[in-house]
Trainee: 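Take this structure first; my questions come after.
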Amino acid sequence: MLYPEINKARSIIDLGGEWNFRLSDENHDNGEADRAFIKAGTTMAVPASYNDLKEDPEYRSHCGWAYYHRVFTIPGIFATERIVLRFDAVTHYAKVYLNGTLIAEHKGGFLPFEIDITDKIRCGEEAELIVAVDNRINHSTLPMGNEEGTAFFGSDNADVPSVAAAKKWRKPVNLPNFDFFNYAGINRPVRIYTTPRSYIRDITITTDIRGSDGIVNYDTSCIGDGDVSVTIIDSEGKTVAGGKGASGKLTINNAKLWWPYPGDPYLYKAEVRFCDDLYILEFGIRTVEVRGIEFLINNKPFYFKGFGKHEDSAIHGRGFDFVLDMKDISMIHWMGANSFRTSHYPYAEEMYQLCDREGIVIIDETPAVGIGGTSEDIYSVGRFRSHHEDVIRDLIDRDKNHPSVVMWSMGNEPDVVSFPDSAYEYWHTLYSYTKALDPAKRPVTFVCNQNNYERDRITREMDVVCINRYYGWYNLSGDLKAAEYALNMELDFWEKLQKPVILTEYGADTLPGFHLSSPEMFSEEFQVLYYDTLNKEFDKRAFMIGEHPWNFADFNTIQGPMRADGNRKGLLTRDRRPKMAAHYFRKRWHDIPDFGYKK
Ligand code: BDP
């Protein structure tokens, strides 16, 4: 799916700003009375998560439908154009009504969807838009919610008569089976964009390297009758290659490659023309390959230094925040990191564009987090399977052209040990499905939890073994000698496999400003010692090709006895100030080269 752009053939109308808004437990199907009901609500910012924008606690704890309403007019000059309404992300389920008619429904809160409204709207006349948003999560949604009455990090002990009896006082709440706040609403931009009536629907670019030449394979999908032409322009504006036809192979002599920063993340532009339409796509020339225990970018062994992140900040929640993205990239550079994982869902497209430009490597993750946590065989029941496939298809469709994206993560910490056969079948089928869909055939993985690695048959078969481990925190809490021993025992196991391994999560909750002379849990000194102890062990192992501390920054979660103002494992505070561990990694990572670290 192409990102909306403004050029001489295309334009954009931004529908961000103030909308009417109302929470409601009832389903409003957009009759006249319903419209009046919604309009009589309150004001709301778009894009944003609605949860932290009003002081009534209902906004934070709401479970069910929320309604957004606004009117707009498309200027008459666009009457000859094709008109598309695009939502970058509505979390988690959306129903869209235009002038009283349901025009779209969409499941999944982290990927875009769009509706061709050319025949549904009159340019120059006022139109009314209502978006109904459902934030409920369960075993059919990704991320997954619990349906069995236990909240993440909390328990309603049913054996205690008074606790069991008090349940009737509880109002319905979302019970995430994941550790981040279930921020909801129109989280990313809403735009109308125009194209000519005959238009370029999609462009796919894959690249290769032959000696000093860059190979650019392009494939276009266009609607209408006409010819396609493609021109490749370098960063100085010079034409370096060109071709005609809907698809083709172009050669750029002495090509400049895309390298992670501090290398040059060089970008070319492909100008694609079809009838009166034009689309300008930026792309980089680079290769990615797993060979033996190495992860090669442009044929050189890369070492992942970076983080698991979240889209999360005060007030905005998970609402799109370009300023925050800009700051995060700056802090990633400041710490000498080169990569992150989009834990635990696809991020806003603008972040990927920034990473292309700033040379940051991305492991691109689906929202499949929280699969498990139930006694039923969740894979055999399979209420989420087709949605998971849709999400992978749409993720690849959206992100396939980004040079920054080097690997797909199908999900985070699914339970693969309790249900061996059904889990095996599920993840293997999905692995082949993902591989087949990606035109660039990037490596595919999923990220496993602290499980019984001897029984887990699936993680070991991924292209890269990605493990989250909390030795010294959730296990062997506070005892770093024992943690070091346990980690080494497990690493001996992985070493035999001779596959590349990334520690995709390890971390310790830390309260900024809490200092101790003798390091114990939650202190800044403990966080540094924890990382230093474990890092020294990875440094001894050639197959360990990356370290992603959890988390880049503190982030918000559901309230519960294990979380004081959210998850505090950030190297940075929620407002992006460095804890001592950020300074520790800054020193470490500036000394570790991006390429050839493990000789
Ligand atoms: C891991 C999860 C991550 C959590 C983290 C933690 O992947 O989402 O935030 O644990 O507990 O298991 O801090």
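Each ligand, and each atom within it, is numbered from 1 in the order the structure gives.
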Trainee: Are Phe322 and Pro189 close enough that some pair of their side-chain heavy atoms sits under 4.5 Å apart?
Mentor: no
Trainee: Picking from Trp550, Tyr474, Tyr470, Tyr531, what satisfies ring pair (Phe, Tyr, Trp, His ring centres under 6.0 Å) with Tyr506?
Mentor: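 That would be Tyr531.
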Trainee: Do Asn567 and Asn551 have side-chain N/O donor and acceptor atoms under 3.5 Å apart?
Mentor: no
Trainee: Against heavy atoms of Asn468, which atoms of ligand 1 measure under 4.0 Å?
Mentor: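 Answer for ligand 1: 7 (O).
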Trainee: Distance under 4.0 Å to a non-hydrogen atom of Glu413: what atoms of ligand 1 satisfy this?
Mentor: 1 (C), 2 (C), 7 (O), 12 (O)
Trainee: With backbone taken as N, CA, C and O and side chain as the heavy atoms from C-beta onward, which portion of Tyr470 lies under 4.0 Å from ligand 1: side chain, backbone, both, or neither?
Mentor: side chain
Trainee: Measuring only between side-chain heavy atoms, which start at C-beta, is Asn51 closer than 4.5 Å to Arg318?
Mentor: no
Trainee: Side chain or backbone of Asn412 under 4.0 Å from ligand 1, or both, or neither, by non-hydrogen atoms?
Mentor: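 Near ligand 1, Asn412 shows its side chain, while the N, CA, C and O stay back.
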Trainee: Report yes or no: does a heavy atom of Arg563 sit under 4.0 Å from some atom of ligand 1?
Mentor: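 Yes, Arg563 has a heavy atom closer than 4.0 Å to ligand 1.
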Trainee: Just which atoms of ligand 1 are under 4.0 Å from any heavy atom in His344?
Mentor: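 Those atoms are 3 (C), 7 (O), 8 (O).
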Trainee: So does Tyr93 get a backbone contact from the side chain of Asp134, meaning a donor-acceptor N/O pair under 3.5 Å?
Mentor: no
Trainee: Can you sort out which atoms of ligand 1 are near Lys569, meaning under 4.0 Å from one of its heavy atoms?
Mentor: 6 (C), 11 (O), 13 (O)
Trainee: Any non-hydrogen side-chain atom of Leu324 less than 4.5 Å from a side-chain atom of Glu311?
Mentor: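 Leu324 vs Glu311: side chains apart.
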Trainee: Quick one: is the NZ or CZ of Arg469 closer than 6.0 Å to the six-membered ring centre of Tyr453, and within 45° of its axis?
Mentor: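 Verdict for Tyr453: no cation-pi partner in Arg469.
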Trainee: Is the shortest distance from a heavy atom of Tyr474 to ligand 1 less than 4.0 Å?
Mentor: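 Contact check Tyr474 vs ligand 1: positive.
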Trainee: Does the residue Asn567 have a heavy-atom contact with ligand 1, meaning some pair of atoms that are separated by less than 4.0 Å?
Mentor: yes
Trainee: With heavy atoms of Phe555 as the reference, note each atom of ligand 1 found under 4.0 Å away.
Mentor: 9 (O)
